[in-house]
Amino acid sequence: MAEDAQEVPQLALEAVIGFNGHVFSGLRVHPDKEHLIYPLGCTVIIKSLRSGKQTFLHGHTNNISCISVSKSGHYIASGQVTFMGFKADVIIWDYEKKEIYARLVLHKTRVEDLSFSPNDKYLVSLGGQEDGSIVVWNIESKEAICGSPASAQSAGHCLTIEYTNLSDEIFVSAGNGTLRVWELDLPNRKIRPTECQTGQLKRIVKCLEIPNDDNYFYCGTTSGDILKVNLKTRLLNSCGPVKQKFSKGVNALKVLKTGDILVGSGDGMLSLCSGGNFKTIKSVQLEGGVTSVTLRGDGQQFYVGTEAAQIYNLGYTDFKPELIATNHNSAAKDVAFPFGTSELFATCSQNDIRVWHAESSKELLRITVPNITCNALGFMQDGRSIFSGQLIIHNAHSMGVTAIAATNDCKRIVSGGGEGQVRVWEIFQNTYRLIEIMKEHKATVNCIKIKSNDKECVTASSDGACIIWDLVRFVRNQMVLSNTLFSAVCYHPEEFQIITSGTDRKIGYWEVYDGSAIRELEGSLFGAINGMHISEDGKYFVTGGDDKLLKLWHYSDGEVTHVGIGHSGSITNVRICHNSRYIVSTSADGAILRWRYPQTS
């Protein structure tokens, strides 16, 4: 049924909202000064600073762990993580063609860092903790020249690597108690390290920065200070700041043309400090620990990425942060469109609800509730209010609200909880009251849908039952049983059938009248189906799940008509907007993807 995804037409991916802020130095400005490059899951995104248009580089099989851009801008390199004992790929991308130039496979489990030589001759790659080796690759021949263990047996793990600016033969590596300058001996195919002498200082180096003249280089440490080392003599020159150390460590360093240094620290502070004594000249507080600082051109403008999945743009003169991109920094759990419009949509995650403008992917509103997880949300039919799985009613369910829906007359809310109860609430101007509790489900209620006349609803639960309830008498009308954990249920717009999906990868069609099974489709080749939504005309529906594919199905034929490839985490939910212009899908890595709804005949 779900044959090779290649034979089915693909859905056009219009926009991605998302940025993985946990990749150190993952945000880069391309040397053409017109594009930002950053990772999201297993995709590299190239975003135009002028038009905001995005290009996607697909090729990694797991999350990207590091990114580097060559000085000329011809190449981008990215490394990934993989499972224990497996090989992790490094991919070199051709920037002009936006395609894979070479796939380099040697490192085990994780690629920690990458750096291009100044004249695009070589790429040096550093393996993660299980691998612990440095490999130099010839870019032209796409082959490894030589490799070596990254640090001495007595030293700790190497964390970062950086090529010098003038020589294709010299690069620096640093990490936990290790700081080395390497020279490439091409005729003998060897790389030879020299230890840098730091005396009594013991530091874990997180980042390296080498100014253009190659006389000195700077190391940012987890202790919150900066080491300045002479590149020629390999001796420690100075260390600072002496008193005011940078809180939570130095994560990112950039040296400006003036000799001053931009320092990004783990507590979200971006500071400009003098190159001589490392004293802070000016600083600004950002949201989330700073993980990337990248210059546009000579550094009149720079971009900063943080762990809270925010990207900021700052100018050297005014030093005022402008938020240019933001996203959920944990799994997005639900998505909803207001009734009758496709211009806005809302998503929720662990700690916040955000409302987005669909066309521009701009965040319009953020509702943050500390220490409370939001599992489900929706818009009232009149569009005046948003309701979500914990905001309105205190202590509604003992194990949290896991599903929620509102009646079409905006007077009642039906909620489902982790303990399996279904509760009906009456909503007034400022208050609410519990009308009824319906106890039948034995496990978490995952999805609730209400019939258009508000007299009936259907709930899907992890206990393997879908129950159709009478909302007038508050009793069970019908029950559908299956050997699965149901995750989603939808009424067909004509409301005589429901479709269900869950962990057994099957899509079931059922009669509402007597709960009998009509047919069953194989929904995916592996993994649960987590989200499902049906179009307004009832001709098509979409599904998404752990196989990371978005599928558009023809309702009566039961055939997949289109497939959307682009998610790098499990799809948590999908929605078709009201006038069938877009499909929006959310995923476990926090990304929100917007697809063009195909012009179906």
Side-chain angles (χ1 to χ4, degrees), residues 16 18-28 37-45 56-69 76-93 100 102-116 123-135 137 144 147 149-151 156-162 173-176 204-207 222 251-252 266 288-289 291-292 305-309 327-332 526-527 546-548 565-572 587-591:
V16 170
F19 160 62
N20 183 356
H22 297 283
V23 176
F24 285 93
S25 300
L27 177 69
R28 305 276 178 144
I37 297 161
Y38 55 90
L40 176 68
C42 28
T43 311
V44 180
I45 298 180
F56 311 104
L57 305 179
H58 298 294
H60 284 290
T61 54
N62 207 319
N63 288 345
I64 291 169
S65 52
C66 53
I67 282 189
S68 183
V69 182
I76 299 171
S78 53
Q80 70 170 58
V81 296
T82 178
F83 304 103
M84 272 297 260
F86 288 88
K87 294 268 200 271
D89 299 1
V90 174
I91 296 181
I92 301 180
W93 307 87
I100 295 178
R103 192 184 284 269
L104 316 172
V105 186
L106 256 186
H107 293 294
K108 278 201 216 62
T109 314
R110 179 186 173 93
V111 182
E112 196 70 55
D113 204 4
L114 296 162
S115 184
F116 281 98
L123 173 75
V124 58
S125 61
L126 166 66
Q129 198 164 334
E130 279 81 49
D131 182 81
S133 62
I134 288 177
V135 180
W137 305 84
S151 45
H157 303 292
C158 192
L159 298 171
T160 175
I161 197 157
E162 193 69 50
S173 75
N176 184 351
I204 302 174
V205 178
K206 280 289 269 295
C207 56
T222 53
N251 286 345
T291 50
S292 310
T306 74
E307 280 171 350
N327 187 35
H328 295 295
N329 57 352
S330 60
F526 68 92
D546 292 351
D547 63 352
K548 304 171 188 175
I565 301 171
H567 273 286
S568 43
S570 297
I571 298 175
T572 53
S587 76
D589 56 6

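Distance check: I92 CD1 to I76 CD1 gives 11.5 Å after rounding to the nearest 0.5 Å. Atom CD of E130 sits about 9.5 Å away from atom NZ of K108, to the nearest 0.5 Å. L40 contributes atom CG, which lies 7.5 Å from atom CG of N327 (distance to the nearest 0.5 angstrom). Note that CD1 of I204 is 4.0 Å distant from OG1 of T222, once rounded to the nearest 0.5 Å. Interatomic distance, CD1 of I571 versus CG of D547, reported as 7.0 Å (0.5 Å rounding).
Judged purely by atom type and a 3.5 angstrom limit, T160 has no side-chain atom pairing as donor or acceptor with the backbone of C207. Remark: side-chain polar atoms of S65 are paired, donor with acceptor, to backbone N or O of G79 under 3.5 angstrom. A distance-only check finds no donor-acceptor pair linking the side chain of D131 to the backbone of H107 [under 3.5 Å]. Between the side chain of T291 and the backbone N or O of H22, no donor-acceptor pair lies under 3.5 Å. Distance alone, capped at 3.5 Å, is enough to place a donor-acceptor pair between the S292 side chain and the G26 backbone.
Counting only residues at least two apart or in different chains, side-chain hydrogen bond (donor to acceptor under 3.5 Å, both in side chains) contacts with residues 77-89 comprise H60-S78, H60-Q80, T61-Q80, S78-W93, D89-R103.
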*May I have the step-by-step check of side chain to side chain contact (heavy atoms under 4.5 Å, CB included) for N20 and I64, ending in yes or no?*
CA-CA 9 Å; N20 183 356; I64 291 169; over 6 Å; no
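In this structure, T109 has no side-chain hydrogen bond (donor to acceptor under 3.5 Å, both in side chains) partners at least two apart in sequence or on a different chain.
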